Amino acid sequence: MARILVVEDEIEMALGLKDNFEYDGHKVITAHDGEDGLKKALTESPQLIILDVMLPKKSGLDVCKELRMQGIKIPVIMLTARGQEIDKVLGLELGADDYITKPFSVRELLARVKAVLRRTGAEEGKNQNIVQTGEISVDFEHMTTRNSANQPTEMTLKELDILKYFVQHPAQTISRDELLDKVWGYDTYPSSRTVDNYILKLRKKIEKDPAHPHHILTVHGIGYKYIP
Ligand code: CA
């Protein structure tokens, strides 16, 4: 079972796909234009995106390109129309994992979905609470971390809470206030300096070169942005 985002402007097609995926045991989120699709891809943590090419507001190709530029590696299956060979080639160049040409049989799409999920390791039975981030892998279910040599590493609960919030909000600018609200809550009053100190510690634990971070980036004057 996986969380699948279906971005398709033909409502009947979107609903048909939703029904079929749900019948197969998946959880489905839908979006009907490119902008909404991109937003949901960034905020709803889907494990797979079914992405139509011809969409209002922002094309499927642009959505795919923007996701990959932001370092988001969620697998994408593009829906192209017959005869749009160029879209297939472009889609794969822009980072789509597979494509299927309309009209297609649902059975064929389900088989492709299964194959992509198997390839990307999101298939049934796999612990989806384990996230690879920078130099470590984090098991959010058991709140444990391991380094690249598979040795357990030290991480405080608060550090894990911050990291979890980042992982749930990839590629979004997150202000210090937001982190204080969501991770510390309203009942305590740490300063934004506290947040910065925690970020320094986190970077030492997950970044290869903490002085030049690739995962927890500083957004000057605002806060931070997490890139998976
Ligand atoms: Ca369309």
Side-chain angles (χ1 to χ4, degrees), residues 1-124 126 128 131 166-174 225-228:
M1 193 192 106
R3 276 168 77 81
I4 300 179
L5 170 62
V6 174
V7 190
E8 165 62 80
D9 56 319
E10 289 160 55
I11 307 291
E12 262 180 43
M13 165 86 88
L15 289 179
L17 292 178
K18 184 177 193 294
D19 282 351
N20 278 289
F21 288 140
E22 285 178 348
Y23 186 77
D24 237 26
H26 301 295
K27 186 162 182 347
V28 180
I29 309 145
T30 54
H32 304 303
D33 66 63
E35 274 175 15
D36 193 36
L38 183 61
K39 198 181 109 205
K40 285 180 173 156
L42 294 172
T43 57
E44 304 269 347
S45 351
Q47 287 154 305
L48 173 73
I49 304 173
I50 306 294
L51 187 57
D52 188 28
V53 170
M54 298 286 280
L55 289 168
K57 295 192 184 170
K58 197 184 274 293
S59 82
L61 294 172
D62 284 340
V63 172
C64 188
K65 190 164 103 186
E66 285 186 35
L67 285 174
R68 296 306 185 240
M69 276 170 62
Q70 294 198 35
I72 312 285
K73 299 186 184 86
I74 305 165
V76 169
I77 298 179
M78 291 276 209
L79 303 181
T80 65
R82 193 180 288 282
Q84 291 176 317
E85 290 294 325
I86 186 74
D87 286 344
K88 293 176 196 168
V89 176
L90 257 179
L92 294 175
E93 272 178 9
L94 292 175
D97 297 82
D98 201 357
Y99 63 83
I100 192 161
T101 306
K102 290 177 179 177
F104 51 82
S105 76
V106 169
R107 190 191 285 267
E108 187 187 355
L109 179 62
L110 289 174
R112 299 283 187 95
V113 164
K114 218 174 215 169
V116 168
L117 289 176
R118 195 173 331 119
R119 269 209 309 277
T120 56
E123 84 271 37
E124 195 176 358
K126 176 141 181 173
Q128 288 157 11
V131 173
F166 278 139
V167 167
Q168 288 168 338
H169 301 83
Q172 293 177 47
T173 298
I174 297 170
K225 183 189 272 192
Y226 171 74
I227 303 294

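In each ligand, atom 1 is the first atom listed, and ligand 1 is the first ligand listed. Bear in mind the structure is a predicted one, so any value in this text is a computation, not a measurement.
Remark: Asp9 pairs with Asp52, Leu55, Pro56 by the side chain to side chain contact (heavy atoms under 4.5 Å, CB included) rule, at least two apart or across chains. The side chain to side chain contact (heavy atoms under 4.5 Å, CB included) check on Glu108 picks up Ile100, Phe104, Ser105, Arg112, with sequence neighbours excluded.
For the Ca ion (ligand 1), protein N, O or S atoms closer than 3.0 Å were enumerated as Asp9 OD1, Asp52 OD2, Met54 O, with waters left out.
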Hey, can you pull the donor-acceptor pairs under 3.5 Å for the side chains in residues 59-66, sequence neighbours left out?
from	atom 1	to	atom 2	distance (Å)
Ser59	OG	Leu61	N	3.3
Ser59	OG	Asp62	N	3.1
Glu66	OE2	Lys58	NZ	2.8

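With a 6.0 Å radius and a threshold of 12 heavy atoms from other residues, nucleotides or ligands, Met54 has its CE atom at or below the threshold.
Of the charged side-chain nitrogens involved, none lies within less than 4.0 Å of a carboxylate oxygen, so that Asp97 and Arg118 do not count as a salt-bridged pair.
Ring pair Phe21/His26 is perpendicular by interplanar angle, where above 60° counts as perpendicular and below 30° as parallel.
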